[in-house]
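To start, I am sharing the structure in question, which I have written as structure tokens.
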Amino acid sequence: MSELTLLLIRFAYLAVLWIFVLSAVSVIRSDIFGARAARQEAERGTARRPRGRAAKKAKPRRGDPTNVTIVEGGQSGEVVSLAQAPLLIGRGSDAAIRLEDDYVSTRHARIASNDDQWYVEDLGSTNGTYVGSTRITQPTTLTLGSQVRIGKTVLELRK
Amino acid sequence: MSESAFMGFVHRRRRGAELFLLVLSLVVGVGAYACVGIGTEGKVPTDIIRYGGWLTLLIVACHVTIRLTAPYADPVLLPVVSALNGLGLAMIHRIDHARNTDYASSQLLWMTLGVVLFIGVLWLLRDHRRLQAYTYTSGLAAIVLLLLPLVPGVGREVLGARIWIQVGGLSFQPGEVAKLLLVVAFAGYLVVHRDALALAGRHVLFVDLPRGRDLGPILVMWLISLGVLVFQNDLGSSLLFFGLFLVMLYVATERPGWLVVGTAMFIGGAYAGYLAVAHVRVRVEGWLDPFGHASAAFQLIQGMYGMAWGGLVGRGLGEGSPYLTPLSWSDFILPSFGEELGLTGVMAIILLYALIVERALRTALVCRDAFGKLLAVGLGVVFALQVFVVIGGVTRLIPLTGLTTPFLSAGGSSLVANWAIIALLLRVSDHARRPPPEMLAAESDDADATQVVSLR
């Protein structure tokens with residue numbers, strides 16, 4: 001094989017190597033922008049609806065839960081407003097709903113909303129979070145009156 | 001910190017992009033094999049279809065597994081790994097050809113095993129948080145694995161380091177798997193105790209010292225592993241574990257003081273090692289003045305001549321003479337690339353490693369649970385440190401210590417362990433990038449069924 005061919009092959013291979021590296025970088029780049037596009041789309045989506053998120057916050061719909069009530073356990077009767085959602089539940093000092101319960105982890109679970117639904121998400125607790133009688137493994141929607149059990153405490157969404 | 005990501009930030013699946021990159025990565029890997037054939041024998045090797053087909057089959061199997069079990073996983077990790085692995089195979093084949101050895105086919109066999117493990121991890125481990133339950137189990141397993149080479153009959157000493165075990169005809173370096181287990185153990189322990197580590201304790205100078213009972217278990221685990229490694233003369237791995245421990249402690253507690261203490265400990269330990277251990281002194285002298293210690297630093301000098309001969313664009317695959325360097329197919333595979341692909345190629349390879357680390361840290365940032373964050377950081381740091389130690393060593397940035405170059409070096413244990421690490425990273429990133437809750441309506445009809453508190 002002639003010297004020239006070998007030289008061409010050598011440069012062609014280096015080119016292929018760098019094309020691969022650069023396309024990997026460009027996939028990462030489009031990953032960032034792709035995510036942003038999705039968010040803009042979501043914003044446009046809410047803008048199209050006249051009752052956007054801000055409007056809804058000011059004037060909650062009828063039938064939307066407004067607070068979390070502890071219905072069972074040592075602190076039963078306590079009421080926490082949903083206005084500062086997402087709410088962190090746990091034994092730690094930074095938790096919005098602080099439970100003095102040995103079966104509760106420091107950062108146990110979180111109650112949050114996505115525009116029109118409330119859900120609870122377990123944050124990797126030791127004893128788990130239960131909605132109804134099932135231990136949840138992924139964020140689960142809450143409706144009025146569905147009971148969330150964390151350790152010995154039962155919480156409920158109320159109007 | 002992840003709240004904004006959680007609410008309005010949607011990741012796409014990007015499986016198509018992954019496929020596109022995979023095709024390119026196969027062009028890189030199989031192309032290197034073809035170039036080696038052309039460079040050494042003047043023709044494309046005859047078994048390229050068999051080789052290329054097998055490589056494609058393995059990579060497609062990985063891709064399909066990801067599509068089925070981790071559809072939101074990071075799209076860049078697998079292609080980068082596949083390209084690195086292909087490059088490594090081609091270079092090992094090239095050196096085999098010159099030295100009449102046969103490391104390449106066993107490397108391909110190990111890669112197949114690695115891919116099987118990769119697929120197994122993704123199929124069996126559907127949620128990385130499950131690993132948190134095995135914190136102490138994996139810590140213990142890591143220590144047992146590290147101790148295995150010291151057991152007479154099983155352990156074997158190669159090139160002054162007693163880090164191998166041999167069972168039947170197979171030899172294995174258990175330390176490679178131990179590093180994966182240690183990351184799991186550290187992450188599981190720190191995620192539970194990080195508040196106590198960061199907040200409870202006394203303030204000494206400018207560092208908050210945690211209470212002994214919080215730091216104790218992890219310190220013991222870490223000291224045992226370090227002690228074993230020092231006893232086995234495995235400097236590279238002890239450096240790796242030390243750095244890993246330090247960075248994970250820093251990330252978990254958010255106290256920069258740990259880095260100050262750790263660096264001071266490292267400098268003290270390294271100096272003591274230099275004074276006390278002859279082995280270390282040889283390495284440091286070879287690093288500071290290789291040409292003054294030409295017999296001890298022969299390998300390093302050969303590697304540097306190779307890289308200099310390669311220059312900016314290299315000699316071309318199969319046209320240099322990297323086989324003159326001892327261990328040019330394992331620890332010194334990077335100078336081999338430097339000779340045949342030049343600075344241009346080595347920069348691409350280092351960039352590929354940087355991409356792996358970047359994706360791991362990115363995963364940690366996006367991840368929603370603390371255990372996943374620590375796990376991803378730990379795995380990323382293992383990669384970063386390992387690449388830094390070995391590439392820094394062969395390029396004379398730091399003293400040379402033996403460690404494998406991930407995915408490139410010949411060495412089955414390291415290859416298999418690294419495939420498992422990538423599988424774990426993909427599992428965490430799938431979890432992290434999955435869009436926020438697909439709203440599952442909770443069953444409320446059985447709300448008055450008996451509720452059972454699981455007490456442990």
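Chain letters run A, B, ... following the sequence lines, proteins first and then strands; every chain starts at 1. Small disclaimer: the values here were computed from a predicted structure and weren't measured.
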* Asked: Do B:Y33 and B:L55 come within less than 4.5 Å of each other through their side chains, counting heavy atoms only?
  -> no
* NZ/NE/NH1/NH2 to OD/OE distance under 4.0 Å, A:R107 and A:D94 -> yes
* Asked: Is it the backbone or the side chain of A:S105 that comes under 4.5 Å from a heavy atom of chain B, or both, or neither?
  -> neither
* **Residues B:R433 and A:D31 bridged, charged N to O under 4.0 Å** => yes
* Answer whether the closest heavy-atom distance between the side chains of A:T143 and A:L157 falls below 4.5 Å. => no
* Asked: For B:A133, is it the side chain, the backbone, both, or neither that has a heavy atom closer than 4.5 Å to a heavy atom of chain A?
  -> neither
* With a 4.5 angstrom heavy-atom cut-off, could you sort out which part of B:V76 is near chain A: side chain, backbone, both or neither? => side chain
* A:P139 versus A:Y119, closest heavy-atom pair with distance -> CB-CD1, 3.8 Å
* In terms of heavy-atom pairs under 4.5 Å, which option from A:G124, A:G92, A:A24 contacts chain B the most? -> A:A24
* With chain A, which of B:G345, B:G372, B:A32, B:P75 has the greatest number of heavy-atom pairs at distances under 4.5 Å? -> B:A32
* Any side-chain heavy atom of A:L99 sitting closer than 4.5 Å to one from A:I70? -> yes
* Measure distances from A:L17 to the heavy atoms of chain B and classify the residue's part below 4.5 Å as side chain, backbone, both or neither. => both
* In terms of heavy-atom pairs under 4.5 Å, which option from B:L355, B:D369, B:T344, B:D127 contacts chain A the most? -> B:T344
* **Per-residue contact mode, B:E18 against chain A (heavy atom under 4.5 angstrom)** => neither
* To do: Identify the heavy atoms of A:R10 and B:G314 that sit nearest to each other, and give their distance.
  => NH1-O, 2.8 Å
* Which bit of A:D122 is near chain B, if near means a heavy-atom gap under 4.5 Å: side chain, backbone, both or neither? -> backbone
* To do: For residues A:S23 and B:L21, determine if any side-chain heavy atom of one lies less than 4.5 Å from a side-chain heavy atom of the other.
  => yes
* To do: Could you look at B:R126 and say if it's the side chain, the backbone, both or neither that has a heavy atom under 4.5 Å from chain A?
  => neither
* To do: State, yes or no, whether a side-chain contact exists between B:V36 and B:E340 at a heavy-atom distance under 4.5 Å.
  => no
* Picking from B:Q132, B:R315, B:R129, which has the most non-hydrogen pairs under 4.5 angstrom with chain A? -> B:R315
* Asked: Among A:L7, A:V27, A:V16, A:D102, which residue forms the greatest number of heavy-atom pairs with chain B at distances under 4.5 Å?
  -> A:V27
* **Heavy-atom contact with chain A under 4.5 Å, split by part of B:P79** => both
* To do: Could you check which of B:L351, B:L341, B:I349 has the highest count of heavy-atom pairs closer than 4.5 Å to chain A?
  => B:L341
* **Part of A:Y13 within contact of chain B (heavy atom distance under 4.5 Å)** => side chain
